[in-house]
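This is the structure, below, for whatever I ask next.
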Amino acid sequence: MTRPDSMAAGLQCGIMTSQPTSQNSDTLPILQVAVPVPLPGCFDYLALADAPVPVVGARVRVMFGRRKLVGMVMTHGRGSELPQSRIKPILEVLDSSPLIDASLLGLLQWAADYYQYPLGEVIASALPKTLRQGQPAELKPRHRGLPAPCESLGSGPALNAEQQQAVAAVSSHWGRFQGFLLEGITGSGKTEVYLHLAQAALAQGKQVLVLVPEIALTPQLVARFRERLPTPVAVMHSALSDGDRHCAWLLARSGEAGVIIGTRSAVFVPWARPGLIIVDEEHDPSLKQHEGFRYHARDLAMLRGHRESVPVLLGSATPSLESLANVQRGQYQRVRLPARAGGAELPRIELLDLRRRFLDEGLAEPLLERMQKHLQQQGQVLLFLNRRGFAPALLCHDCGWVADCRRCDARMTWHARAARLRCHHCGYECSPPPRCPACDSALAPQGEGTQRIEAALQRHFPDYPVVRIDRDSTSRKGSLEDALAEIRSGHYRILVGTQMLAKGHDFPDVTLAAVLDADQGLFSSDFRAIERLAQTIVQVAGRAGRGERRGEVMVQTHQPDHPLLRSLIAGGYARFAEVLLEERRMAQLPPYASLALLRAEATEAHWPQAFLSEAYQLLAAQGDARVQLWGPAPAPMERRAGRYRAQLLIQAEQRAPLQAVLRQCLPQLGTLETARRVRWSLDVDPADLH
DNA sequence: AGCACGCCGACT
DNA sequence: GTCGGCGTGCTC
């Protein structure tokens, strides 16, 4: 008997009811099963003779080698290249209907192919741990009827004309795909647009998927959606317990949760009634997974919207150059919110030239004076420095000895409060030597971190309470929330911190914000550093003057004439992006080219180089002149956590030839003699080149 | 990735 | 005489 054609339609139907007509094993369908192992492709298994054939998208338990694994049925095959004798029967069918529907399964297959990552592992990464391990796809009774929607809804501020236009633009595309870029300056009310669109989607019985960077997924954001929308809101992020994640996933899948808010992995959450995908802060680098399966949640969200015929709305005050280029190409429709909701004026940004100026622990006099003025006028002041700890180095002023990390090519950061040296790259930690090990002189902290700034400010402004917000100060659970609450209450007058402080929070009383060290971003070897710097400056600026008073922003730099910095100050982010896009076009860099980065590391420096040289030969042998290879070269920080790292950059103007070369070569890479001497990985569309 | 098998050093 | 080091090879 041949496989009935209805099996191919198993994607759409529920339980596969067709039974094999005989017990003879060679008439049983052969299932292609994706198994969570780092091997490409699927593995063939036999269905069970006396049980319904599992549908495509169902999980099955199988014997793989000597161990039992949970795999996913991808197709029902016509046969196998293997002799029947080598094909094992599955052990158990875990789902009677597809756990993941055809379009999501297709997306996962596409992603496995595009990012060159094993399909079984891609699928595993899309499932909560409980389901990965084979637990039934059922809600536990105690999880039923989760956060009931609020009683008092349909409130909130009235939309201004631009917000209404944004809502109307997206609303004219229900049920079909269109990409939108919502460019809304900080405080322009992007979230209100999201809420109104969500309401509209819910009113039509559709669901909404909202992706946010980890740092932006605060209880306030979730509370706002819960207060305003007449539906349970499922939340998905890394801090969730396994049980809560299981529950949220199934509530999304069943359609009970009308809104799903989550970080990047939520792009893979199944839903019953696709309505709208929103990606907030779409420029944020944390939307790209930077280890293992290195997907970009924004890009996959766009693809998912396309496959499922729903509009996709990307939102940012500082859009990625990729998205701006897609607007230029006519791929995305641009929607703008140019004014601050409530009419607050945008802050004025000025560069503070540090050249030949005395710096008091990283703070220039004009900044201190301006701080004094704002503090006296009851304003709050926010200072941003993307470097935690007390000082980024501990130095001997007599002989130049520096405390280096013994496992990395990096300086140890001095943490004064803990009286410890810590490496921020590998986590190595030790006590400082009492004197210089080379010449026995005294050691001194060199440079500034947030701790040192905090201490300096306490000396300068003893009457104004200072709070520091960074990973060190908020390690205790809930401490960030407590500190933010005390900031909003007005208790703290001076705020100093890292990205944690700059992103997403609304501090209505901040009237002065400052970026203490813009030079870091200007000297990085990474071509995206300048884009990140501009985004950070604008984000920090957005913290100032959200209330009634106009804000001021100061940016300390030794490069006040830097053309890109000037374009940002003079023409805003839009002008800056124009200039930088032109630079990227000239340099053949994204978004006008495709990149992939092949990385390798080993405890001996020789092996990564040797492996990448072999890889180079293999890739070059494809003879595609449209694909260029750069390297191999040592990573910008060659030694990290005791391992030597090197990389090979693969560049092409068009995506297709790059993909073709990678697809051709990747299987062979693993078979190279040097491959087993190194840990290697491929990063398609790398977010940074480090 | 696991988890085998397989072939050479210090112990009851 | 064995226990165990990790090199090499396979998993439908």
- prompt: How would you list all residue pairs meeting ring pair (Phe, Tyr, Trp, His ring centres under 6.0 Å) that involve residues 83-113 of chain A, not counting sequence neighbours?
  reply: W110(A)-Y114(A)
Strictly under 3.5 Å: I want the nitrogen or oxygen pairs between protein and nucleotides 10-12 of chain C, one per line.
{"unit_1": "dT11(C)", "atom_1": "OP1", "unit_2": "R86(A)", "atom_2": "NH2", "d": "2.5"}
{"unit_1": "dT11(C)", "atom_1": "O3'", "unit_2": "G65(A)", "atom_2": "N", "d": "3.0"}
{"unit_1": "dC12(C)", "atom_1": "OP1", "unit_2": "Y45(A)", "atom_2": "OH", "d": "3.3"}
{"unit_1": "dC12(C)", "atom_1": "OP1", "unit_2": "M63(A)", "atom_2": "O", "d": "3.2"}
{"unit_1": "dC12(C)", "atom_1": "OP1", "unit_2": "G65(A)", "atom_2": "N", "d": "3.3"}
{"unit_1": "dC12(C)", "atom_1": "OP2", "unit_2": "K88(A)", "atom_2": "NZ", "d": "2.5"}
{"unit_1": "dC12(C)", "atom_1": "O3'", "unit_2": "D44(A)", "atom_2": "O", "d": "2.5"}
{"unit_1": "dC12(C)", "atom_1": "O3'", "unit_2": "K88(A)", "atom_2": "N", "d": "2.8"}
{"unit_1": "dC12(C)", "atom_1": "O2", "unit_2": "D44(A)", "atom_2": "N", "d": "2.6"}

query: Which residue, R59(A), R61(A), R253(A), forms the salt bridge (charged side-chain N to carboxylate O under 4.0 Å, His left out) with D95(A)?
result: R59(A)
- request: Please list, chain by chain and in numerical order, all residues satisfying side-chain hydrogen bond (donor to acceptor under 3.5 Å, both in side chains) with T130(A), sequence neighbours excluded.
  value: H246(A)
task: Step by step, work out the side-chain hydrogen bond (donor to acceptor under 3.5 Å, both in side chains) result for S286(A) and D284(A).
output: CA-CA 5 Å; S286(A) 75; D284(A) 196 288; 2.8 Å; yes
message: In whole Å, I'd like the distance from the OH atom of Y117(A) to the C1' atom of dA1(B).
response: 10 Å
message: Between Y117(A) and F293(A), does the ring-ring contact (aromatic ring centres under 6.0 Å, His included) criterion hold? Intermediate values first, please.
response: CA-CA 6 Å; Y117(A) 206 73; F293(A) 170 33; 5.8 Å; yes
